[in-house]
Amino acid sequence: MKIWVDADACPVVIKEILFKAAERTKITTTLVANHYLKTPPSRYISFMQVRAGFDIADDEIVKQVNAGDLVITSDIPLADEVITKKGYALSPRGELYTTSNIKSRLNIRDFMDTMRASGIQTGGPAPLNQSDRQAFANHLDSILSKYSRLNK
């Protein structure tokens with residue numbers, strides 16, 4: 001298993017949780033972004049900078065991800081592609097995307113895009129709160145524990 005992070009919009013607090021998890025579990029974690037990001041010195045944490053452009057980082061993650069890898073993203077189409085490749089997709093808010101919920105999430109996303117395109121103000125997501133961070137940490141721990149048990 002490798003962990004891939006759609007890092008352009010990933011909150012700092014989530015990156016910090018991931019850095020600790022990478023060190024604890026010794027799982028390679030790669031942040032992918034189109035601008036430079038500082039990462040702590042670690043043999044398990046790396047950064048991949050891609051050129052600027054729409055979905056360039058997402059496309060690189062899809063190209064690199066393998067079955068069983070974990071991708072951290074709030075991008076629903078990217079999550080769908082990861083699930084199609086038999087990977088795991090987890091949002092920074094702790095929502096685990098699965099084959100049973102990804103299509104409805106895509107439909108909601110498309111509906112909201114249509115509303116915004118017609119001029120309706122939909123607002124953005126609420127700020128990340130403590131329960132979001134806890135949900136993320138709990139799902140991450142669950143996925144990594146399951147991986148650890150399967151590879152003993």
Would you sort out whether I45 and L31 count as a side chain to side chain contact (heavy atoms under 4.5 Å, CB included), showing the intermediate values? CA-CA 8 Å; I45 301 166; L31 285 76; 4.3 Å; yes

Under the side chain to side chain contact (heavy atoms under 4.5 Å, CB included) criterion, do K85 and E81 qualify, and how do the steps go? CA-CA 6 Å; K85 290 185 79 171; E81 290 189 73; 5.9 Å; no

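- Here the CD1 atom belonging to I3 is positioned 5.5 Å from the CG atom belonging to L140, to the nearest 0.5 angstrom.
- Closest heavy-atom contact between Q64 and D69: O-OD2, 4.3 Å.
- Under a 3.5 Å cut-off, the side chain of N138 and the backbone N or O of A135 do not form any donor-acceptor pair.
- With hydrogens and angles left out, the side-chain atoms of S46 and T30 include a donor and acceptor closer than 3.5 Å.
- Atom CG of L96 is separated from atom OG of S91 by 9.0 Å, given to the nearest 0.5 angstrom.
- The backbone N or O of D80 lies less than 3.5 Å from a partner atom in the side chain of T84, making a donor-acceptor pair.
- Scanning all heavy atoms of the two residues, the minimum distance from A57 to D6 falls at CB-OD1, 4.4 Å.
- Hydrophobic clustering, with ILVMFWY side chains joined whenever heavy atoms are under 4.5 angstrom apart, groups L37 together with V13.
- Closest heavy-atom contact between F136 and L90: CE1-CD2, 3.5 Å.
- Residues Y36 and V5 are members of one and the same hydrophobic cluster, defined by side-chain heavy-atom contacts under 4.5 angstrom among Ile, Leu, Val, Met, Phe, Trp and Tyr.
- Applying the salt bridge (charged side-chain N to carboxylate O under 4.0 Å, His left out) test to D55 and every residue at least two apart in sequence or in another chain returns nothing.
- Counting all heavy atoms, side chain and backbone alike, P92 lies closest to I14 at O-CD1, 3.4 Å.
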What verdict does the salt bridge (Lys or Arg N to Asp or Glu O under 4.0 Å) test give for D141 and R24, after you've listed the backbone C-alpha separation in whole Å, the side-chain angles of each residue and the deciding distance to 0.1 Å? CA-CA 11 Å; D141 188 54; R24 184 181 77 244; 3.6 Å; yes

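- Expressed to the nearest 0.5 Å, how far CD of Q49 lies from NE2 of H35 amounts to 8.5 Å.
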D132/E95 under side chain to side chain contact (heavy atoms under 4.5 Å, CB included): CA gap, chis, key distance, verdict: CA-CA 9 Å; D132 294 329; E95 181 179 3; over 6 Å; no

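- Side-chain atoms of K86 do not come within 3.5 Å of backbone N or O of N66 as any donor-acceptor pair.
- Here the side chains of I72 and K15 are not in contact, with every heavy-atom distance at 4.5 Å or above.
- For V71, the side chain to side chain contact (heavy atoms under 4.5 Å, CB included) partners are W4, I61, V65, T73, L78, V82, not counting sequence neighbours.
- Side-chain N or O atoms of N34 include none that pairs as donor or acceptor with a backbone N or O of V50 at under 3.5 Å.
- Side chain of H139 to backbone of G94: a donor-acceptor contact under 3.5 angstrom is found.
- Note that the OG atom of S148 and the NZ atom of K26 stand 11.5 Å from one another [nearest 0.5 Å].
- With rounding to the nearest 0.5 Å, the separation of CD1 in I83 from NZ in K103 is 8.0 Å.
- From Q134, atom CD reaches atom CD1 of I17 across 8.0 Å, with rounding to the nearest 0.5 Å.
- Salt bridge E60/K63: present, at least one basic N to carboxylate O contact under 4.0 Å.
- Exactly one of T28, T25, I27 qualifies for a side-chain contact (heavy atoms from CB on, under 4.5 Å) with M1. That residue is I27.
- Screening residues 49-100 for ring-ring contact (aromatic ring centres under 6.0 Å, His included), with sequence neighbours left out, gives no hits.
- Residues Y44 and V32 do not share a hydrophobic cluster, defined by chaining ILVMFWY side chains whose heavy atoms lie under 4.5 Å apart.
- In this structure, K2 places its NZ atom where only 12 or fewer heavy-atom neighbours from other residues, nucleotides or ligands lie under 6.0 Å away.
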